[in-house]
2 protein chains.
Amino acid sequence: MTGELGGSCFGCQVRHTSEWCALNDAELTLLNNVKVPKSYEAGTTLFHQGDDCDGIYCVSSGLIGIRRLDADGNSTLVRLCGPGETVGYRSFLKKSGHRSTAEIMLPSVVCFVRRATVRTLLEQNPNLGLRFLDHTLKDAEEFEDRHFESVTLTVKARLLSLLMVLYERFGYLNENGESMIDLPISRQDIAALIGASPETISRSISAVQDEGLAQFKGREVRFRNLDALIEQLRPA
Amino acid sequence: MTGELGGSCFGCQVRHTSEWCALNDAELTLLNNVKVPKSYEAGTTLFHQGDDCDGIYCVSSGLIGIRRLDADGNSTLVRLCGPGETVGYRSFLKKSGHRSTAEIMLPSVVCFVRRATVRTLLEQNPNLGLRFLDHTLKDAEEFEDRHFESVTLTVKARLLSLLMVLYERFGYLNENGESMIDLPISRQDIAALIGASPETISRSISAVQDEGLAQFKGREVRFRNLDALIEQLRPA
DNA sequence: CGCGCCACTTGACGGTTATCAAGGTGGCTA
DNA sequence: TAGCCACCTTGATAACCGTCAAGTGGCGCG
């Protein structure tokens, strides 16, 4: 709920974009008293697939990766959650164990709210439930769209699409006014995210460079022709 | 809400499996008074992609197909909704236009409940909202799983998986005790549903027949070896 | 400094699948 | 019955992509 440990929910920068914007002052005070803010290093985890769901996590800053084990036991990245997003709420609402593992991708501050508190707030304030409903609707649509994309678009098109999504969240202009991203995830994770092999991702990246759309140096991406790139996403 | 036009919600066979099982008698009476049951021929539509959302539809009997237009303007089948399921509720909850077209696949009876009524019931009974939440969660999980399948399994495996789903809903034993399905959809729709071309579906069906798993005659499927078929779904 | 480790890249190959094209079948109307 | 049309099948071909394998480069560590 707050950018600094022990900070107040009332000062939290993401308060108005998270589910908790439905709460009134009294409820927010309750939340503020029982929430457990904590700072995490990259590589650590909030919970593991199969764990019991003891509560939910609100991302204040940083980036969380949601992973699932595939049939071969490999851990594959399923989605990313940034500031203002709530993690683990679907398992909470379903009253089931966690279906996935939540891994810290970037140094993050995350507030934990234990189950009983969320339940109390949900009973007190129906609007909070509606906020969760909205969030779930958004998730469902996102998965629907991605399913649609994965059977319609090629790997390269999906890569460009992902780059645009990441650009919206992590993009910036460098000193020369060029559009840039510092990718928060590895190529392997990119591969998992769009449902392709790491080799194909590597080749797709080469193709994107050959076409002069962008330059890749490690995790740094420099866009050369954002208009042409966006244009490639249109035709389908 | 009812198997016969003008019938009562109280006697509806799907009442206990639909969202409306959350309602008490008074609320059900309200619903019963304002709902509009209607019989539809195959090929007609409940609403079109882009239409305003004026309410939600509860499937009493028959089968509804949800279609979306792809980039080329082709209408592709996205999912099927059977008795007890509610159609168009996500657009309603999101207060947005319909993202897809709902087409009648089999002769169906569908009850329309207009927006104001649903809103009233939602305000009166928080449990109804939770039911919708559950449904949305299920939708999200389904698309998550299908996304996973579509990048993991071959077309033939996905076809077998779809056949099992359809068997659960439309399967029966014929006079010889053989497991059968009368497919409710065309091969083109099967193709769209699992994300493949119609030609590949046709070839996959041939392969399934060559392996002695099932016989296809038009839309009639006769299973030859259900155990072996299920076994092929396991390995993952 | 050398070593190993890991992520990434690149090449070669093969399998799966889409695409294009040419029949075939069944249902419908005239 | 003929003719048409939509749907389905079958064949040939090529594109896409996954897999296996070898090589590169960065980075920490002894």
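Reckoned from all heavy atoms, side chains included, excluding hydrogens, waters and symmetry mates. Residue numbering restarts at 1 for every chain, and letters A, B, ... go by the order of the sequence lines.
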Review point. Out of curiosity, B:L159 CG to B:L166 CG, how far, rounded to the nearest 0.5 Å?
Key: 9.5 Å
Review point. When you check the gap from the basic side-chain N to the acidic O, do B:K94 and A:D134 get nearer than 4.0 Å?
Key: no
Review point. Is it true that A:E178 and A:R224 have a side-chain N and a carboxylate O under 4.0 angstrom from each other?
Key: yes
Review point. How would you give the extent of chain B contacts on DNA chain D, as first and last nucleotide 5' to 3' within a 4.0 Å heavy-atom cut-off?
Key: D:dC8 to D:dA12
Review point. Starting at CZ of A:F216 and ending at C1' of C:dC8, how long is that distance when rounded to a whole Å?
Key: 13 Å
Check your understanding: Is it the case that A:R68 places NZ or CZ above or below the six-membered ring of B:F148, under 6.0 angstrom from the centre and within 45 degrees of the axis?
Key -> yes
Point to revise | NZ or CZ of A:R222 within 45° of A:F216 ring axis and under 6.0 Å | key: no
Check your understanding: With under 30° as parallel and over 60° as perpendicular, where do the rings of A:H98 and A:F47 fit, or are they tilted in between?
Key -> parallel
Check your understanding: When you check every protein heavy atom under 4.0 Å of nucleotides 10-20 of chain C, what one-letter string (B, S, -) results, 5' to 3'?
Key -> BBB----SSBB
Review point. If you look at every heavy atom in B:Y89 and B:T86, which pair is closest and at what distance?
Key: CD2-O, 3.6 Å
Point to revise | Proximity of B:F223 and B:Y167 rings by center, below 6.0 Å | key: yes
